[in-house]
Amino acid sequence: MSESEKDSGRTPHVVIVGAGFAGLGCARELAKHDVRVTLLDQHNYHQFQPLLYQVATAQLATTDIAFDIRQGFRKHPNVDVKMTKVVAADPDARSVTFDDGGSIKGDYLVVAAGSQPNFFGTPGAEHSFPLYSLDDAQRLRSRIIALYEDADKDPSLIDRGALTFVIVGAGATGTEVAGALSEMIRDVMPTEYHDLAVQRSKIILVDHGHAVLAPFSDKAHEYAAKALQRGGVQLRLGTGVTEIRDDAVSLSDGTSIPTRCVIWGGGLMAAPLAGSVGVGQGRGGRIDVEPDLTVPEFPKVYALGDFANIPSSEGGPFPQLGSVALQSGQWAAKNILADIEGKPRRGFHYHDKGIMAMIGKGAAVAEVGEHRHELHGAIAFSAWLGVHVVLLSGGGGQRLEAFVSWAWDYFSKARAAQVLDRSDAARIDWGAGDDDIDDKGKEST
């Protein structure tokens, strides 16, 4: 503790905005020390974002990837959790303001408010289904189920895109959604809808780039593309999305695809709070930070995880990965503790454990460690499964429940209950027809 704080006898107070990987990592590290922590989040649960696509495709239940934030700090009375929405931050005062007009100030402010979809100005993006929150996953699951329910009642809707799913973005999110959705359609839907021509379902993966899983190696690109195509996924690479309507998506090659479900995996940007901090925003609207994770000119204000552009030794910022966010949160806590003790802060050093992506049962790609040792197939699937089970943050019981769900799905064709619980996403106005779609550019079914 610094001399002034020792003299005052006051416990330093750290305010953390966001209970994602970064915010939780910071709070958990600080919880072990004589520091008062206030952790703010608009939800009372932490969501395990890497598995949202499995909730959307009924592989996992909501409770498998979400857990009570307060439960994790019951043994740490120095951590106070508040469910509130933060709408503004003042780095000078190290304070934040809530949507109800309230506010709170700390000796240190940590802003780890996460991300939101980046639609890159695409017209009609409001008609798409992003997948970056638990709410998004529930809405997407309900829309998928609603489309099969509607087509089961009226098979003519298939010709109007009822069973056509367009996924925008061939990165990890888009690839994992495509693989999981193809398995859901192939293994589950025929047993749920006996009278429906489920085989007429189509999954189309669109990306303006020319590779699936672009951050991986060329060998991984080829493996992932073939694995998806074996599952019936159509690849439209080198093609961008020019407009999304409620009944179709228009592509840069001049074609239109009738669909009522456009799944957006096209990119991330900082959460809206970044625009209210009053400091410069860099790539993706994120806050540029110093190597020690502090905001420039504000040594007691930290920006972390997907909310920040964290400089790497290679010059550019680190990618928006859960492991980067978690480690940045832990590192920021150690720097705060060092600062309290009057010791120098240290520049962030990321321990690179590699990157992984699931494509389907027994199909995955992994590049492990800083030297990127490459794994494909069943061994990569096993590595992916093990890493995610360990990382699930809800305690031993929850990890076991998730593992059982995965194992059951792997050895059977059954899935979690396909509950249509989001009526807002399930309601579809089919209208009189799709005559507004240009017949010349219309995809055949």
Would you give me the side-chain donor-acceptor pairs under 3.5 Å for residues 268-285, sequence neighbours excluded?
residue	atom	partner	partner atom	Å
S276	OG	V87	O	3.4
S276	OG	L273	O	2.9
Q281	NE2	G285	O	2.7

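- Between H208 atom NE2 and H210 atom NE2 the span is 9.5 Å, to the nearest 0.5 Å.
- With salt bridges taken as basic N to acidic carboxylate O contacts below 4.0 Å, none links D68 and R70.
- For H376, the ring-ring contact (aromatic ring centres under 6.0 Å, His included) criterion is met by Y223, not counting sequence neighbours.
- Donor-acceptor pairing under 3.5 Å is lacking for the side chains of N335 and D292.
- Separation of atoms CD1 (I257) and CG (L251) is listed at 4.5 Å; rounding is to 0.5 Å.
- Legend: residues meeting ring-ring contact (aromatic ring centres under 6.0 Å, His included) with H43, ordered by chain and number and at least two apart, are Y45.
- Among V324, V289, I287, V110, the single residue meeting the side-chain contact (heavy atoms from CB on, under 4.5 Å) criterion with L304 is V110.
- Residue R286 forms a side-chain contact (heavy atoms from CB on, under 4.5 Å) with just one option from D306, N309, I310, and that option is N309.
- With sequence neighbours excluded, no residue forms a ring-ring contact (aromatic ring centres under 6.0 Å, His included) with F216.
- Using bins of under 30°, 30° to 60° and over 60° for the plane-to-plane angle, the ring pair F48/F21 lands in the perpendicular bin.
- The ring-ring contact (aromatic ring centres under 6.0 Å, His included) test applied to F318 returns F348, Y350, not counting sequence neighbours.
- Residues L205 and A170 approach most closely at CD2-CB, 4.0 Å, considering heavy atoms.
- When only modelled atom types and interatomic distance are considered, Y148 and S201 share a side-chain donor-acceptor pair under 3.5 Å.
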With a cut-off of 3.5 Å and sequence neighbours excluded, list every side-chain donor-acceptor pair involving residues 91-106.
residue	atom	partner	partner atom	Å
R94	NE	G106	O	3.2
R94	NE	D107	O	2.7
D100	OD1	G102	N	3.0

